[in-house]
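Notes follow once the structure below has been shown.
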Amino acid sequence: MEREFYERDTLTVARDLLGRTIVHETSEGATAGIIVETEAYKGPEDKASHAYANLRTGRTEVQFGPKGHAYVYLIYGMYYCLNVASGEVPGKPEAILVRALEPVTGLKIMARRRIDVSDDRRPNLTNGPGKLCMAMGISTRQNGADLCASPLHIDAGVPMDKACIAQTARINVDYAEEWRYLRWRFLIHDSVFVSTRQQIS
DNA sequence: TGCACGATTCTCT
DNA sequence: GAGAATCGTGCAA
């Protein structure tokens with residue numbers, strides 16, 4: 001996708017990311033998956049965001065930079081989460097968390113990276129933010145990578161029909177007070193590759 | 001310098 | 001549904 005794709009309202013981009021394909025080319029080979037679940041985090045005012053109150057540190061720095069770059073961080077000391085910097089306001093720290101993929105390329109490589117997961121349990125390869133990073137070989141080494149020009153990028157794929165998209169509250173942000181209830185999680189309603197059916201009515 | 005904790009996952013009950 | 005694994009980060013001291 002072009003830079004302009006990410007330089008739009010973050011909620012719009014989060015929704016529009018569904019159906020697109022993330023590709024990562026490494027020395028081990030290429031892996032790719034269709035995005036089936038995202039969450040939006042909107043800068044200074046969002047208590048669920050790492051950049052709440054414009055908190056600018058080494059970790060959140062990428063969110064303040066050019067849109068379309070990868071924000072990758074370590075969570076619980078053992079998993080990584082992949083985000084994309086986005087938003088129509090330059091310098092405003094907003095990002096989209098990629099929560100789940102439908103694997104399409106490099107399944108063998110994914111299974112090898114995902115310890116204890118065999119090919120016959122395909123959804124389990126990438127149906128969660130930590131899982132998909134492990135399967136795609138994404139770590140903080142990719143933090144700051146330009147998704148418009150790097151081995152890690154996003155292809156247009158097939159735009160998702162609006163009728164297929166469900167919208168719910170975000171997952172595991174109970175600490176965010178009133179912001180926890182915002183329905184800023186987008187997912188493909190009938191996909192078996194999403195992280196959880198939680199809150200889908 | 002110390003310390004509590006997390007945008008998670010896996011295992012066991 | 002509960003509990004453990006595990007460590008960089010942010011903030012207090």
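By convention in this document, chain letters (A, B, ...) are assigned in the order of the sequence lines, proteins followed by strands, and residues within each chain are numbered from 1.
- Side chains of A/Leu182 and A/Glu178 form no contact here, defined as non-hydrogen atoms less than 4.5 Å apart.
- Atom pair A/Lys131:NZ and B/dT11:P shows a separation of 10 Å (rounding to whole Å applied).
- Close to B/dA7, at under 4.0 Å from its OP1 or OP2, lies no side-chain N or O of A/Arg180.
- Among C/dG8, C/dG10, B/dT8, the nucleotide with an atom closest to any side-chain atom of A/Thr60 is C/dG10.
- For A/Tyr76 against C/dA5, no side-chain N or O and base N or O form a donor-acceptor pair under 3.5 Å.
- For A/Leu55, the listed nucleotide lying nearest its side chain is C/dC11; candidates were C/dC11, C/dC7, B/dT9.
- Checking the phosphate oxygens (OP1, OP2) of B/dA7, a side-chain nitrogen or oxygen of A/Tyr175 falls inside 4.0 Å.
- Listed pair A/His50 / C/dT9 fails the phosphate criterion, with no side-chain N or O lying under 4.0 Å from OP1 or OP2.
- Nucleotide C/dT6 is matched to nothing when pairs are restricted to Watson-Crick or G-U wobble geometry with both distances under 3.5 angstrom.
- Annotation: side chain of A/Arg185 is in contact with side chain of A/Ile171 (closest heavy-atom distance under 4.5 Å).
- Among the atoms of the strands shown, only primed sugar atoms or phosphate atoms (P, OP1, OP2) are found under 4.0 Å from some heavy atom of A/Leu74.
- Between A/Asn172 and B/dA7 there is no side-chain N or O to OP1 or OP2 distance below 4.0 Å.
- Base-pair partner of B/dA7: not found among the strands shown (Watson-Crick or G-U wobble, both distances under 3.5 Å).
- What separates CD1 of A/Ile75 from C1' of C/dG10 is a distance of 13 Å, to the nearest Å.
- In this structure, CG of A/Leu125 is placed 15 Å from C1' of B/dC10, rounded to the nearest angstrom.
- Among the nucleotides B/dT9, B/dA7, C/dT6, the one closest to any side-chain atom of A/Tyr71 is B/dA7.
- Across the protein-nucleic acid pair, A/Glu61 atom CD and C/dT9 atom C1' stand 15 Å apart, rounded to whole Å.
- A donor and an acceptor atom, one from each side chain of A/Ser195 and A/Glu37, are located under 3.5 Å apart.
- Note on A/Leu107: it clusters hydrophobically with A/Leu132, by side-chain heavy-atom contacts below 4.5 Å among ILVMFWY residues.
- Across the protein-nucleic acid pair, A/Met78 atom CE and B/dC5 atom P stand 16 Å apart, rounded to whole Å.
- Residue A/Arg59 places none of its side-chain N or O atoms closer than 4.0 Å to OP1 or OP2 of C/dG8.
- Surrounding CZ of A/Arg141 are at most 12 heavy atoms belonging to other residues, nucleotides or ligands under 6.0 Å away.
- Separating the OH atom of A/Tyr80 from the C1' atom of C/dT6 is a distance of 11 Å, rounded to the nearest angstrom.
- A close approach under 4.0 Å does not occur between any side-chain nitrogen or oxygen of A/Thr57 and OP1 or OP2 of C/dT9.
- Using a 4.0 Å heavy-atom distance criterion, A/Gly130 is classed as a sugar-phosphate-only contact.
- Remark: the A/Arg113 side chain and the A/Thr26 side chain contain an N/O donor-acceptor pair separated by less than 3.5 Å.
- Using a 4.0 Å heavy-atom distance criterion, A/Arg170 is classed as making no nucleic acid contact.
- Spacing between atom OH of A/Tyr73 and atom P of C/dT9 amounts to 13 Å, rounded to whole angstrom units.
- Between A/Lys47 atom NZ and B/dA7 atom C1' the separation is 17 Å, expressed in whole Å.
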